[in-house]
Structures are given as structure tokens and as C-alpha cells.
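Please read the structure below before turning to the comments.
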Amino acid sequence: PTDAPVVIFANSPLYSNGSIFISWVFEKVASTQCTLITPSSVLYPPCNLSYSATNLIEGIYTLFVTATSVTGYTAHPVAHSWTVDLTPPVILLTSYPSASSYYSTWNFTFNCVNEWKCSYWCSLEHSNTVEKYSLCDGGYFLAANLQMGQAYTFSVFAVDGVGNSGRSEVYNWKFDTQQTSSDNIANQQLYRVYGVAGGILAGVIILVIIIAALCVLIIRRK
């Protein structure tokens, strides 16, 4: 019918945490009835121009809104589905100094391993400071102007797209001008790699020279 009410969703998120707010409007005055399919049951919550809930469990939900006009015409139900995500993001540190490092600057890098989008909050503290977090989006944090002999604590946590906050990933280290044994081992391994690569390259060059000389001798004999 031409006077059947039309439901238009105004606020309809596709993802949420344990709380949700959905609203809609009508082209004409109407009353509504709602049916909610949850991961565990079917409910008939009261609704007028909106639906809200808290303490939802994780899973997929579908809300059906049925509108009836003042003249008694009932429109077909309009559905909206969304996913409730209660899983907090997990941080993985991908770059960090050794426990005793002689670098006065370090660029920490990190990412969420179970979320496609996160915002990050970082804190850098030592014995004379208090923990204070600031936004550090981009997946990196530059620890600069470190003081010699000072122990530091770097902390980072993530918040996902629906507001779930994960636990902090904490890393402790000390800025020391003496090169650590782990740093020495890493450098020694690097030197060995370069040494082996250089030896192989030198051998190849010598082999090419020998082959070229033999070719010249063969050509001259002909």
C-alpha cells in the first residue's frame, strides 16, 4: 500500500562491544514491533524509534523492525545484523632493544595480532617518572634521549575498533654504554655472514678469470 510505513535506519553499526544502540526513522507516523535473534535465543524487546542493550554476549545478532501505520497498514519487517566482539586486542612487540643496550635511541614497533584495526597507547618511564600513556598510532614509538645507566620501562596497549581494550605489553631494559654480550654475538654473526659471502664472491670472480683465460688460449691456438 502507498501509505505503508517505511523504516530507514539512522544509526546501525555493523560491529559493537557488549553495548549497542540502533535507531531509525519513518517517512510517516507509525508504531513498531521488534524481534531480536541472538546467538542463544529469540527476544521481543520493546522499541519505538530505537533499540539499545548492554551486557550482550559475543556473536551475531539480527534485529527485525516491523512498522504499522496509523491507518493499520503493516510493512514488511526490515532487518539489521551486527556482530558483537568482546575479544580484547593482543599486542606483539616486533622491535625492541636487548635487556642491556648501548643504543641511546630505539624505535619500538608493534602490531595487533588478532585485529585488523587498532589504536595504540604508549608509555615510557624510568625510576623518576610516573606511568603516563599517550596516543602512539602507526605501530611505532621512538624512545629517544635515553640517559646512560638508567633503567627504562616501555608499555603499550591497544584498543580495537569497537572499544575493547587489551592488556599492556611491558618491556624493561637498561641503557648502558658497554656493548652487551648479546649485541657482540649478533655483530659476530653478522661479520661471519659477510665473511662467508665475501669468500664466495671472491671464489666466483677467480673462477670467471680462469675460464676467460682458457677461452683466450683456445682462440689463439685456432
Side-chain angles (χ1 to χ4, degrees), residues 5-27 30-68 75-96 106-125 130-143 152-173:
V6 177
V7 177
I8 303 172
F9 284 105
N11 185 67
S12 52
L14 296 177
Y15 297 90
S16 77
N17 52 25
S19 300
I20 187 70
F21 176 76
I22 300 171
S23 64
W24 54 89
V25 296
F26 302 117
E27 290 185 347
S31 60
T32 55
Q33 290 181 331
C34 290
T35 302
L36 179 66
I37 299 178
T38 77
S40 60
S41 62
V42 178
L43 304 175
Y44 303 93
C47 61
N48 184 14
L49 291 175
S50 65
Y51 165 77
S52 61
T54 58
N55 300 318
L56 299 177
I57 64 174
E58 197 163 63
I60 298 175
Y61 291 72
T62 301
L63 179 70
F64 293 91
V65 179
T66 303
T68 303
H76 292 292
V78 178
H80 173 68
S81 297
W82 77 97
T83 300
V84 172
D85 175 14
L86 302 179
T87 303
V90 176
I91 285 283
L92 174 66
L93 286 178
T94 54
S95 175
Y96 48 87
W106 191 271
N107 191 35
F108 286 87
T109 59
F110 39 83
N111 61 272
C112 285
V113 298
N114 62 335
E115 298 285 348
W116 67 274
K117 182 180 181 181
C118 286
S119 59
Y120 303 98
W121 294 81
C122 298
S123 171
L124 180 65
E125 58 181 307
V130 295
E131 186 177 65
K132 183 179 180 180
Y133 284 92
S134 59
L135 189 64
C136 53
D137 272 345
Y140 65 90
F141 178 85
L142 182 63
Y152 289 89
T153 298
F154 171 72
S155 305
V156 57
F157 72 90
V159 179
D160 66 17
V162 297
N164 295 314
S165 179
R167 70 175 184 84
S168 294
E169 186 70 23
V170 179
Y171 187 78
N172 298 295
W173 86 104

Next item on the list: For atom OH of Tyr140, decide whether the heavy atoms of other residues, nucleotides or ligands shown that lie under 6.0 angstrom number more than 12.
Entry: no
Notebook entry, point to check: Excluding sequence neighbours, so at least two apart, what forms ring-ring contact (aromatic ring centres under 6.0 Å, His included) with Phe141?
Noted result: Phe154
Margin query: Applying side chain to side chain donor-acceptor pair (under 3.5 Å) to Ser119 and Asp137, what does each step give before you reach the verdict?
Written below: CA-CA 6 Å; Ser119 59; Asp137 272 345; 4.8 Å; no
Check: Does Ser95 reach the side chain of Phe110, with side-chain heavy atoms less than 4.5 Å apart?
Finding: no
Note to self: Does atom CD (Glu169) have a neighbourhood of more than 12 heavy atoms from anything else shown, all under 6.0 Å?
What the structure shows: yes
Checklist line | Atom of Leu56, atom of Ile20 and distance for their closest heavy-atom approach | finding: CD1-CG2, 3.6 Å
Check: Does the side chain of Thr153 reach to within under 4.5 Å of the side chain of Val170, using non-hydrogen atoms?
Finding: yes
Notebook entry, point to check: Shortest non-hydrogen contact from Trp82 to Pro13?
Noted result: CB-O, 3.2 Å
Side-chain donor/acceptor pairs under 3.5 Å, residues 156-167, sequence neighbours excluded:
unit_1, atom_1, unit_2, atom_2, d
Asp160, OD1, Val162, N, 3.1
Asp160, OD1, Gly163, N, 3.1
Asp160, OD1, Asn164, N, 2.8
Asp160, OD2, Asn164, ND2, 3.1
Asn164, ND2, Asp85, O, 2.7

Item checked: CD-OH distance between Gln33 and Tyr44, expressed to the nearest 0.5 angstrom -> 10.5 Å
Next item on the list: Please assess Thr35 against Val42 for the test side chain to side chain contact (heavy atoms under 4.5 Å, CB included), listing each intermediate value before the final yes or no.
Entry: CA-CA 7 Å; Thr35 302; Val42 178; 3.9 Å; yes
Next item on the list: May I ask you to test the Leu63-Ile22 pair for a side-chain heavy-atom distance under 4.5 Å?
Entry: yes
Note to self: Taking side-chain hydrogen bond (donor to acceptor under 3.5 Å, both in side chains) as the definition, give me every residue that meets it alongside Ser134, ordered by chain and number, with sequence neighbours left out.
What the structure shows: none
Next item on the list: Compare every heavy atom of Ser50 with every heavy atom of Cys47, then report the nearest pair and how far apart it is.
Entry: CB-O, 3.4 Å
Notebook entry, point to check: In chain order, what residues pass the ring-ring contact (aromatic ring centres under 6.0 Å, His included) check against Tyr51, with sequence neighbours excluded?
Noted result: none
Notebook entry, point to check: Are Ile37 and Phe64 close enough that some pair of their side-chain heavy atoms sits under 4.5 Å apart?
Noted result: yes
Check: Between the main-chain N or O of Val65 and the side-chain N or O of Trp24, is there a donor-acceptor pair closer than 3.5 Å?
Finding: no
Item checked: ring-ring contact (aromatic ring centres under 6.0 Å, His included) partners for Phe9, two or more places apart -> His80
Margin query: For Tyr15, give me all partners under side-chain hydrogen bond (donor to acceptor under 3.5 Å, both in side chains), at least two apart in sequence or on another chain.
Written below: none
Notebook entry, point to check: Can you name the nearest heavy-atom pair linking Tyr120 to Gly138, along with the distance?
Noted result: CD1-N, 4.4 Å
Margin query: My understanding is that only residues two or more places apart in sequence, or in another chain, count here; which of them pass side-chain contact (heavy atoms from CB on, under 4.5 Å) with Ala30?
Written below: Pro5, Phe26, Ala67
Checklist line | Contacts of type side-chain hydrogen bond (donor to acceptor under 3.5 Å, both in side chains), residue Thr94, not counting sequence neighbours | finding: Thr109
Notebook entry, point to check: Does Asn55 have any side-chain hydrogen bond (donor to acceptor under 3.5 Å, both in side chains) partners at least two apart in sequence or in another chain, and if so, which?
Noted result: none
Check: According to the salt bridge (Lys or Arg N to Asp or Glu O under 4.0 Å) rule, which pairs have a member within residues 31-45, sequence neighbours left out?
Finding: none
Note to self: Using a 6.0 Å cut-off, check whether atom CD1 of Ile60 has over 12 heavy atoms from anything other than its own residue.
What the structure shows: no
Next item on the list: List the atom of Ser168, the atom of Tyr133, and the distance in Å for their closest heavy-atom pair.
Entry: OG-OH, 3.1 Å
Check: Can you list the steps and then say if Tyr152 with Asn172 is a side chain to side chain contact (heavy atoms under 4.5 Å, CB included)?
Finding: CA-CA 6 Å; Tyr152 289 89; Asn172 298 295; over 6 Å; no
Notebook entry, point to check: Please, which pairs that meet side-chain hydrogen bond (donor to acceptor under 3.5 Å, both in side chains) have at least one residue in residues 57-68, sequence neighbours excluded?
Noted result: Glu58-Thr87, Thr62-Ser81, Thr68-Thr74
Margin query: So, using ring-ring contact (aromatic ring centres under 6.0 Å, His included) as the criterion, who are the partners of Phe21 when residues are at least two apart?
Written below: none
Item checked: Euclidean distance, Leu86 CG relative to Thr83 OG1, rounded to 0.5 Å -> 11.0 Å
Check: Just by distance, do the side chain of Thr32 and the backbone of Asn48 share a donor-acceptor pair under 3.5 Å?
Finding: yes
Note to self: Does any part of the side chain of Tyr171, heavy atoms only, come nearer than 4.5 Å to the side chain of Leu93, both counted from C-beta?
What the structure shows: yes
